[in-house]
Amino acid sequence: MFDINLLRNDLAATAEALLKRNTVIDVAAFEAMEAERKALQIQTQDLQQQRNTLSKAVGQAKAAKDEAKAQALLAEVAAVPEKVKANEAALALIQDRVNTLLMTIPNLPQASVPIGKDSDENVEQRRWSPDNKGPRSFAFAAKDHVALGEALTTTAGAQLDFEAGVKLSGARFTVMKGPLARMHRALAQFMLDTHVNEHGFTECYVPYIVNAESMTGTGQLPKFEEDLYKVPMPADDAIEGGAIKNRYLIPTAEVSLTNLVRDTMVPLDALPMRLTAHTPCFRSEAGSYGRDTRGMIRQHQFDKVEMVYISKPEESNAMLEEMTGNAEKILQKLGLPYRVMLLCTGDMGFTAARTYDLEVWLPAQNTYREISSCSNCEAFQARRMGARFKNAAGKNEPVHTLNGSGLAVGRTLVAVMENYQNQDGSITVPEVLRPYMGGLEVIR
RNA sequence: GGAAGCGUGGCCGAGCGGUUGAAGGCACCGGUCUUGAAAACCGGCGACGGGGCAACCCGUUCGUGAGUUCGAAUCUCACCGCUUCCGCCA
């Protein structure tokens with residue numbers, strides 16, 4: 001949630017900073033709304049005070065057995081509660097309006113984030129490739145993962161079976177079979193093991209269906225509901241205040257992991273927390289018709305190993321570097337060429353203050369494609385979630401939250417297939433995955 | 001699904017219509033004592049929001065939401081969650 005004090009204390013500068021994120025704040029409208037809220041709040045609290053004071057006096061009079069005085073006081077308060085009620089209702093209404101606005105303003109980018117309008121203005125930080133030789137050059141025409149996966153077969157049909165996905169569910173679903181299905185599983189195991197054994201993470205198994213509070217905590221709601229798959233509750237117990245109460249399929253394990261600290265005081269000595277989980281992710285991909293329609297790049301359901309950090313504010317940027325390094329480590333162990341991009345203001349996600357994307361080399365597309373996104377959300381999610389810790393001065397303060405993919409499993413499979421393909425269409429299994437695949441060296 | 005009980009501050013726990021934000025304890029912070037530490041003793045100590053330059057003042061908050069009342073942690077209703085017993089189940 002956006003920090004309202006920034007708007008109250010420094011409206012002009014804050015509105016200008018948000019402009020870099022393509023977010024327009026109507027300054028005059030906000031000022032008017034705030035003025036109204038302030039007046040109403042003062043008036044309401046005044047009335048509440050009146051009621052409280054008089055009621056307390058009634059109690060005192062009754063305790064003193066002064067019935068006449070009690071009756072006089074009762075006559076005096078009689079009209080107050082009604083006024084209080086009316087004011088409270090009006091105040092709640094305007095506070096809702098303020099709140100709704102706050103919930104739809106994106107996080108403020110850090111000062112060092114490059115200003116730009118879209119992904120073309122992201123800034124490359126570094127590149128990596130095995131022995132620093134650059135991406136492998138092919139002596140034959142490199143195929144994409146679709147051609148490779150459809151040509152590789154099992155007795156049950158293609159190892160990447162896109163038609164079966166369509167038949168079972170529709171577009172953007174894929175069935176994997178045989179060795180490729182196993183490599184997909186191997187990749188997730190390998191990533192999880194690496195983060196747990198080498199990067200100090202705590203492995204978590206988490207729900208894939210979460211409630212609206214969780215989705216609000218990490219920022220998917222209220223603004224991005226159309227991107228989520230909804231799970232309506234059974235009719236009988238779904239009604240709350242007249243509205244159907246939905247649950248949602250997680251679009252990323254970030255939601256489940258980060259919300260673990262929702263409404264909690266995190267002990268100081270528990271920070272930083274490093275949490276990881278392997279989960280499926282569900283995205284409706286509304287508004288991306290026509291983009292990446294071929295293959296496994298953009299699916300409604302995909303697996304991901306997620307990293308989440310819960311950190312002290314002063315450490316969060318260092319943790320972002322660490323987390324990005326963890327994701328890079330996976331690509332390095334797999335021998336996949338990649339580059340690290342610092343996202344510009346226009347390309348960052350709603351909750352992020354600073355984001356690095358990892359882009360892996362895809363030879364068939366002759367380009368780098370996003371395979372991980374690591375973000376420092378600072379206190380943005382923590383404020384929404386009520387995730388706090390007691391700082392050195394003994395004051396409660398929101399924690400900082402960070403999340404990153406480590407990595408997207410389906411896209412990693414695509415990258416391995418394309419980078420490790422052989423002229424005959426077989427795929428060499430990267431060394432680090434072989435222990436997870438019964439020693440298998442080549443997929444054919 | 002049936003029956004019973006319970007949700008109070010960082011934690012435990014009392015209160016069950018009226019000067020109660022809430023006894024007591026633990027934890028925490030300061031002080032005395034001590035060579036130091038511990039113990040003992042003294043004092044402090046919830047959160048969120050609003051107003052004010054400030055000292056400070058005010059409001060909200062006892063699972064959540066409605067209701068009764070001049071006044072609700074306390075009474076009523078609904079919902080959520082937890083515990084125990086029975087049934088069912090991977």
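Sequence lines set the chain letters: A, B, ... in the order given, protein chains first and strands last, and positions in each chain run from 1. Any value given below was found using the heavy atoms of this structure, including those in side chains, with hydrogens, waters and symmetry copies removed.
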>> Checking base pairs now: Watson-Crick or wobble, both atom distances under 3.5 Å. What partners rC77(B)?
In response: rG65(B)
>> With side-chain contact (heavy atoms from CB on, under 4.5 Å) as the test, pick out the partner of S214(A) among T258(A), N259(A), I250(A).
In response: N259(A)
> How many angstroms lie between CZ in R411(A) and CG in L187(A), if you round to the nearest 0.5 Å?
Replying inline: 15.0 Å
> Which one, rG18(B), rG49(B), rG59(B), comes nearest to the side chain of Q41(A)?
Replying inline: rG49(B)
>> What's the closest nucleotide to the side chain of R388(A) if the choices are rA47(B), rG71(B), rG49(B)?
In response: rA47(B)
> In whole angstroms, how far is the P atom of rC45(B) from the CG atom of N396(A)?
Replying inline: 16 Å
> Under 4.0 angstrom, heavy atoms only, what part of the nucleic acid is L74(A) near: base, sugar-phosphate, or nothing?
Replying inline: base
> Looking only at side-chain N and O atoms, does R51(A) come under 4.0 Å of OP1 or OP2 in rA72(B)?
Replying inline: no
>> Looking at rC41(B), which nucleotide sits across from it as a Watson-Crick or G-U wobble partner, both distances under 3.5 angstrom, or is there none?
In response: rG31(B)
> Only one of T324(A), N107(A), N317(A), T355(A) forms a side chain to side chain donor-acceptor pair (under 3.5 Å) with N376(A), so which one is it?
Replying inline: N317(A)
>> Using atom C1' in both nucleotides, what's the gap between rG51(B) and rA38(B) to the nearest angstrom?
In response: 47 Å
>> Distance check, C1' atoms only: rA22(B) and rA72(B), in whole angstrom units.
In response: 13 Å
> Taking the nucleotide of RNA chain B with the closest heavy atom to each, which residue, E88(A) or K85(A), is nearer the 5' end?
Replying inline: E88(A)
> Is there a Watson-Crick or G-U wobble partner for rG49(B) with both distances under 3.5 Å, and which nucleotide is it?
Replying inline: rC58(B)
>> Distance check, C1' atoms only: rU8(B) and rC62(B), in whole angstrom units.
In response: 4 Å
> Taking the P atom of each, how far is rG18(B) from rU34(B), in whole Å?
Replying inline: 49 Å
>> Can you check the distance between rA14(B) and rG9(B), where both ends of the measurement are the C1' atom (answer in whole Å)?
In response: 13 Å
>> With side-chain contact (heavy atoms from CB on, under 4.5 Å) as the test, pick out the partner of Y229(A) among R247(A), R283(A), H300(A).
In response: H300(A)
>> Would you measure the distance from the P atom in rG30(B) across to the matching atom in rC45(B) and give it in whole Å?
In response: 15 Å
> Counting side-chain heavy atoms from C-beta on, which of rU19(B), rG18(B), rU60(B) comes nearest to Q60(A)?
Replying inline: rU19(B)
> RNA chain B: A63(A) or Q95(A), which has the more 5' nearest nucleotide?
Replying inline: A63(A)
> Just by protein heavy atoms under 4.0 Å, how would nucleotides 51-58 of chain B read 5' to 3' in B, S and -?
Replying inline: S------B
> In the structure shown, which nucleotide is the Watson-Crick or G-U wobble counterpart of rU20(B), with both distances under 3.5 Å?
Replying inline: none
>> Using atom P in both nucleotides, what's the gap between rC75(B) and rG5(B) to the nearest angstrom?
In response: 14 Å
> Using the benzene-type ring in the case of Trp, are the ring centres of F380(A) and F350(A) under 6.0 Å apart?
Replying inline: yes
>> Whole angstroms only, please: what is the NZ-P distance between K83(A) and rG59(B)?
In response: 17 Å
>> Closer than 3.5 angstrom, by distance alone: can the side chain of S256(A) be matched with the main-chain N or O of P207(A) as a donor-acceptor pair?
In response: yes
> To the nearest Å, how far apart are I4(A) CD1 and rC48(B) C1'?
Replying inline: 14 Å
>> Tell me the interatomic distance from K62(A), atom NZ, to rU19(B), atom P, rounded to whole angstroms.
In response: 14 Å
> In whole Å, what separates the C1' atom of rG15(B) from that of rG21(B)?
Replying inline: 13 Å
> Looking at F302(A) versus F173(A), is the centre-to-centre ring distance below 6.0 Å?
Replying inline: no
> Paired with rU83(B) by Watson-Crick or G-U wobble geometry, both distances under 3.5 Å: which nucleotide is it?
Replying inline: rA4(B)
